[in-house]
> 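Structure incoming, see below.
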Protein chains: 2
Amino acid sequence: MKRELNKKGLKATPQRIEIIKFLSSTKSHPSAEDVYKFIKEKFPTISFATVYNTLITLKNTGDIKELSIDPERKRFDMDLTPHDHFFCRKCKRVYDIYDLLRGYKIKIEEIDEHQVEEISLYYTGVCRDCKNKIGKEVTKI
Amino acid sequence: MKRELNKKGLKATPQRIEIIKFLSSTKSHPSAEDVYKFIKEKFPTISFATVYNTLITLKNTGDIKELSIDPERKRFDMDLTPHDHFFCRKCKRVYDIYDLLRGYKIKIEEIDEHQVEEISLYYTGVCRDCKNKIGKEVTKI
DNA sequence: ATTAGTGCAAACACTTTGCACGGGT
DNA sequence: ACCCGTGCAAAGTGTTTGCACTAAT
């Protein structure tokens, strides 16, 4: 990990390493705040600015992606394999989606003369967990 | 227009009518601030809260859609025909995109057991206008 | 008359920045 | 030794709310 960072001209600070470890281990698509809270557990002196700066840096190196699926905050994803996302408007969780459409989309480099750099397919609704919870609540009445 | 509003139990205030007129006449996918600035021209006493409240109301009645394609702010679209969007990261303009993928997407009501309510396909990159501008700037060097 | 909607201002929440200190190279 | 990165705090930006007044039904 130190090697990869240095190769890109970045310093391998313990804070950065922790952040990268966390991001590559989770599938929760955390917000900056989420990352901050998690790292602060094992690294109580870390500041939000450091987390924020690191996220920007990693975004610029292309090591993480910023998702705008959550209308309330930016979410981050270190899984760079082509996939889409489902956002639950109840619990705010973001799920990975692997589906057939991806095959069509990745070919597009230009549309209506616009230069396409990225394509995001976002599904929004109620996730399987929340769907079930709602069902249980209703039967309680 | 008054009739449609009343039918939904909404009062047809002049402010609302102006906002709806503007939204249905533009393809610019304005932000709340954009709407406010535009309406304020002809309606100097209008407050931002009124614009904001109206946008929420229209979103709840399903008359407008909230786009999360612009990472910096929410954008609104009154064009309810099925279509997608392209976001230019240079000029921040949002363009409508009508393409083939739409046909596949609109059939999906459930994915991975999640209940899908909406599908958004967002393209991001540099639009045709900005692409050309950049080209001109480069040749000036 | 009733009740929703407006306008003003303040509060929020998330994001971004400036700067002095400290640690990685 | 150099300079990037950290930590702290403050500022910025867009979003949301409370409340008294006004207007639409």
Side-chain angles (χ1 to χ4, degrees), chain A residues 1-20 22 29-61 63-64 66-76 89 92 94, chain B residues 1-20 29-61 63-64 66-76 87 89 92 94:
Chain A
M1 184 161 308
K2 187 173 181 299
R3 191 170 300 165
E4 286 93 336
L5 284 166
N6 290 338
K7 190 158 42 174
K8 291 173 186 174
L10 303 177
K11 287 182 178 168
T13 66
Q15 291 91 330
R16 267 186 191 165
I17 290 170
E18 275 307 310
I19 293 170
I20 294 172
F22 172 54
H29 311 82
S31 65
E33 184 71 24
D34 294 334
V35 176
Y36 174 60
K37 280 181 183 160
F38 184 89
I39 304 294
K40 208 171 174 63
E41 294 286 313
K42 297 180 182 177
F43 220 120
T45 63
I46 201 168
S47 74
F48 183 79
T50 296
V51 171
Y52 178 81
N53 289 333
T54 300
L55 290 173
I56 300 275
T57 302
L58 294 175
K59 187 176 84 172
N60 290 338
T61 58
D63 291 304
I64 61 173
E66 187 183 284
L67 308 181
S68 55
I69 195 173
D70 182 345
E72 290 170 357
R73 52 183 60 73
K74 291 174 183 170
R75 309 278 294 249
F76 297 88
R89 63 174 169 79
K92 316 295 183 193
V94 174
Chain B
M1 184 162 304
K2 189 174 179 299
R3 189 171 302 164
E4 286 94 337
L5 284 166
N6 289 339
K7 189 159 40 175
K8 292 173 186 172
L10 303 177
K11 288 181 178 171
T13 66
Q15 292 91 330
R16 265 185 191 166
I17 290 170
E18 275 307 308
I19 292 171
I20 294 172
H29 311 82
S31 64
E33 184 71 24
D34 294 335
V35 177
Y36 174 61
K37 280 181 185 163
F38 185 89
I39 305 294
K40 207 170 174 64
E41 295 286 313
K42 298 179 182 177
F43 220 118
T45 63
I46 201 169
S47 74
F48 183 79
T50 296
V51 171
Y52 177 80
N53 290 332
T54 300
L55 290 172
I56 299 275
T57 301
L58 294 174
K59 187 175 84 173
N60 290 336
T61 57
D63 291 304
I64 61 174
E66 188 183 283
L67 308 180
S68 55
I69 194 172
D70 182 344
E72 291 170 355
R73 54 183 61 70
K74 291 173 183 171
R75 309 279 291 250
F76 297 89
F87 176 68
R89 62 173 170 78
K92 316 296 183 192
V94 174

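Only heavy atoms go into these numbers, but all of them, side chains included; no hydrogens, no water, no symmetry mates. In what follows, every chain begins at residue 1, and chains take the letters A, B, ... in the order their sequences are listed.
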> If I take atom CZ in residue A/Arg3 and atom C1' in nucleotide C/dT25, what distance separates them, rounded to the nearest angstrom?
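It works out to 16 Å between those atoms.
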> Please report, rounded to the nearest Å, how far the P atom of D/dA23 is from the CD atom of B/Glu18.
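Rounded to the whole Å, the gap is 17 Å.
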> It should be established whether B/Lys2 places a side-chain nitrogen or oxygen under 4.0 Å from OP1 or OP2 of nucleotide D/dT25.
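Answer yes for this pair, as a side-chain N or O of B/Lys2 is under 4.0 Å from OP1 or OP2.
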> To the nearest angstrom, how far is A/Asn60 atom CG from D/dG5 atom P?
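Whole-Å distance recorded here is 12 Å.
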> Give the B/S/- string for nucleotides 5-11 of chain C, one per nucleotide from 5' to 3', where a protein heavy atom under 4.0 Å of the base yields B, of only the sugar-phosphate yields S, and otherwise -.
SBBB---
> For B/Lys37 and D/dG14, give me the distance from atom NZ to atom C1', rounded to whole Å.
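Atom-to-atom, B/Lys37 to D/dG14, this comes out as 12 Å.
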> Does OP1 or OP2 of D/dA24 have a side-chain N or O of B/Asn6 closer than 4.0 Å?
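It does not, given that no N or O in the side chain of B/Asn6 lies less than 4.0 Å from OP1 or OP2 of D/dA24.
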> Just by distance, do the side chain of B/Glu4 and the backbone of B/Met1 share a donor-acceptor pair under 3.5 Å?
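It does hold such a pair.
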> Would you say A/Tyr52 places a side-chain N or O within less than 4.0 Å of OP1 or OP2 belonging to C/dT16?
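So the side-chain polar atoms of A/Tyr52 do come within 4.0 Å of the phosphate oxygens OP1 or OP2 of C/dT16, strictly under.
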> Rounded to whole angstrom units, what separation is found between the CG atom of B/Asp70 and the C1' atom of D/dT15?
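From B/Asp70 CG to D/dT15 C1': 14 Å.
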> May I ask you to say whether B/Asp34 pairs ionically with B/Arg73, meaning some side-chain N is under 4.0 Å from a carboxylate O?
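The answer is no: the pair does not qualify as a salt bridge.
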> Between A/Lys7 and C/dT25, is there a contact of a side-chain N or O with OP1 or OP2 at under 4.0 Å?
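Looking at the OP1 and OP2 atoms of C/dT25, neither is under 4.0 Å from any side-chain N or O of A/Lys7.
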> Can you tell me the distance, in whole Å, between the OH atom of B/Tyr36 and the C1' atom of D/dT13?
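In whole Å, D/dT13 C1' and B/Tyr36 OH are 16 Å from each other.
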> I need the full list of side-chain hydrogen bond (donor to acceptor under 3.5 Å, both in side chains) pairs touching residues 42-54 of chain A, with sequence neighbours left out, sorted by first then second residue.
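Every side-chain hydrogen bond (donor to acceptor under 3.5 Å, both in side chains) pair that includes a residue of residues 42-54 of chain A, provided the two are not neighbours, is A/Ser47-A/Thr50.
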> Could you give the NZ-to-C1' distance, from A/Lys74 to D/dG14, as a whole number of Å?
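Result: 11 Å.
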> Please check: side-chain N/O of A/Arg75 versus main-chain N/O of A/His29, any donor-acceptor pairing under 3.5 Å?
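Yes; judged by distance alone, with no hydrogens or angles, the pair exists.
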> Excluding sequence neighbours, so at least two apart, what forms ring pair (Phe, Tyr, Trp, His ring centres under 6.0 Å) with B/Tyr36?
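Testing B/Tyr36 for ring pair (Phe, Tyr, Trp, His ring centres under 6.0 Å), a comparison that skips the adjacent residues, returns B/Phe48.
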> Can you check whether A/Ser68's main-chain N or O pairs, donor with acceptor, with B/Ser68's side chain at less than 3.5 Å?
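Side chain of B/Ser68 to backbone of A/Ser68, a donor-acceptor pair under 3.5 Å: yes, one is there.
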> Can B/Leu55 and B/Phe76 be said to form a side-chain contact (heavy atoms from CB on, under 4.5 Å), step by step?
CA-CA 8 Å; B/Leu55 290 172; B/Phe76 297 89; 3.7 Å; yes
> Could you tell me whether A/Glu72 contacts a base, only the sugar-phosphate backbone, or nothing, with contacts defined as non-hydrogen atoms closer than 4.0 Å?
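A/Glu72: backbone/sugar contact only, no base atoms under 4.0 Å.
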> A/Lys8 NZ to C/dT25 P: how many Å, rounded?
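Those two atoms, NZ and P, are 15 Å apart.
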